[in-house]
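In what follows, a structure is listed as structure tokens, so that the remarks can point back to it.
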Amino acid sequence: ITNRLMSIFLRTLIDKRNVNTRVMALLQQRAVVAIIEARENGETGTVTENSFIFSSDCRKIEMVVPSAGGATEREVVAAFGEVLLHAILASPHHPKRLLAIAQQCIRGEITDLDDLDLRLERRLSNTIYLPLIAIILTLLLLLYTFSG
């Protein structure tokens with residue numbers, strides 16, 4: 001995001017209760033990877049709602065993590081859990097799986113960024129594969145019905 005004048009902090013979207021499905025998708029798909037990349041670049045601070053900046057159309061996400069602070073990975077995961085929980089509560093939908101992941105981060109049951117990324121990925125994969133399985137089963141039924 002090159003033009004910050006046209007950007008929106010996640011904190012603003014939460015305060016206005018304007019967290020839409022695009023924002024939630026970016027938080028699931030890109031946020032943890034961005035945190036991992038930032039930590040690899042020496043930015044070891046923790047994350048807040050002001051760490052995530054979205055384009056005005058909510059199609060792109062940028063992350064700003066303070067390099068000061070020296071937060072542990074466990075602290076970063078817990079902080080992301082808080083951010084995710086606030087985003088979920090400010091959205092019109094409250095997916096139970098995401099709520100569970102956010103709470104597991106906060107309680108310290110998820111302490112590793114890679115594990116968190118995999119759990120969020122699993123959630124996305126499930127939503128993609130279930131309709132695909134239904135379509136395949138329907139096509140097989142049609143094939144069976146018309147083959148005899």
Side-chain angles (χ1 to χ4, degrees), residues 1-139 141:
I1 301 170
T2 56
N3 185 357
R4 292 203 184 217
L5 295 175
M6 299 301 291
S7 302
I8 306 164
F9 283 98
L10 179 58
R11 168 88 273 149
T12 303
L13 294 172
I14 290 171
D15 289 345
K16 292 182 177 182
R17 302 192 64 73
N18 197 16
V19 177
N20 60 31
T21 54
R22 286 184 189 164
V23 170
M24 291 305 298
L26 285 172
L27 283 174
Q28 291 174 73
Q29 296 168 2
R30 183 72 186 124
V32 177
V33 172
I35 294 169
I36 292 169
E37 290 171 357
R39 289 184 64 81
E40 288 172 352
N41 292 331
E43 298 170 355
T44 58
T46 193
V47 296
T48 68
E49 289 88 352
N50 287 325
S51 297
F52 300 99
I53 305 168
F54 293 85
S55 60
S56 59
D57 62 358
C58 295
R59 291 185 186 269
K60 296 180 183 174
I61 185 173
E62 180 179 301
M63 199 183 96
V64 180
V65 176
S67 56
T72 66
E73 189 168 354
R74 176 179 282 209
E75 291 168 335
V76 171
V77 170
F80 180 77
E82 291 279 347
V83 169
L84 183 60
L85 180 63
H86 293 154
I88 292 167
L89 296 176
S91 73
H93 308 287
H94 303 118
K96 290 178 184 177
R97 177 133 175 88
L98 283 181
L99 280 170
I101 290 171
Q103 292 167 345
Q104 289 169 348
C105 291
I106 294 166
R107 288 192 305 258
E109 295 170 21
I110 301 174
T111 59
D112 178 77
L113 287 165
D114 290 328
D115 184 31
L116 173 58
D117 192 35
L118 285 174
R119 290 187 193 212
L120 290 172
E121 166 70 25
R122 182 171 156 233
R123 189 249 179 251
L124 291 172
S125 296
N126 287 346
T127 60
I128 292 169
Y129 290 126
L130 290 177
L132 188 59
I133 290 169
I135 291 169
I136 291 170
L137 289 175
T138 303
L139 291 173
L141 179 64

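Given the structure is predicted, the values throughout are model-derived calculations rather than measurements. In what follows, every heavy atom counts, from backbone to side chain, and hydrogens, waters and symmetry copies are set aside.
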Is the closest side-chain heavy-atom distance between [X] and [Y] below 4.5 Å?
X: Ile61; Y: Ile53; value: no
X: Leu137; Y: Leu141; value: no
X: Asp114; Y: Ile36; value: yes

When rounded to the nearest 0.5 angstrom, what is the spacing between [atom1] in [X] and [atom2] in [Y]?
X: Leu85; Y: Phe80; atom1: CG; atom2: CZ; value: 11.0 Å
X: Asn20; Y: Leu13; atom1: CG; atom2: CG; value: 7.5 Å
X: Leu84; Y: Ile101; atom1: CG; atom2: CD1; value: 7.5 Å
X: Phe54; Y: Met63; atom1: CZ; atom2: CE; value: 11.5 Å
X: Leu99; Y: Lys96; atom1: CG; atom2: NZ; value: 9.5 Å
X: Ser51; Y: Glu43; atom1: OG; atom2: CD; value: 10.0 Å

Exercise. Taking only residues two or more places apart in sequence, or in another chain, which ones meet Thr111 in a side chain to side chain contact (heavy atoms under 4.5 Å, CB included)?
Worked result: Arg74
Contact summary for [X] and [Y], nearest pair of heavy atoms:
X: Ala102; Y: Gly81; value: CB-O, 3.5 Å
X: Arg119; Y: Gln104; value: NH1-OE1, 2.9 Å
X: Thr46; Y: Ala79; value: OG1-CB, 3.0 Å
X: Leu27; Y: Ala87; value: CD1-CB, 3.6 Å
X: Leu26; Y: Arg59; value: CD1-C, 3.7 Å
X: Glu75; Y: Thr72; value: OE1-N, 2.8 Å

Check: [X] side chain, [Y] main-chain N or O, donor-acceptor pair, under 3.5 Å:
X: Ser55; Y: Lys60; value: yes
X: Gln28; Y: Met24; value: yes
X: Thr12; Y: Ile8; value: no

For this session: Using the side chain to side chain contact (heavy atoms under 4.5 Å, CB included) rule, take Asp117 and Val33 through it: C-alpha gap first, then chi angles, then the decisive distance, then the call.
Result: CA-CA 7 Å; Asp117 192 35; Val33 172; 4.0 Å; yes
Exercise. Given Val76, which of Leu116, Val32, Thr44, Ile35 fulfils the side chain to side chain contact (heavy atoms under 4.5 Å, CB included) condition?
Worked result: Ile35
Exercise. Taking 4.0 angstrom as the limit, do Glu37 and Arg30 come out as a salt bridge?
Worked result: yes
Problem set entry | salt bridge (charged side-chain N to carboxylate O under 4.0 Å, His left out) pairs, two or more places apart, involving residues 12-22 | Arg11-Asp15
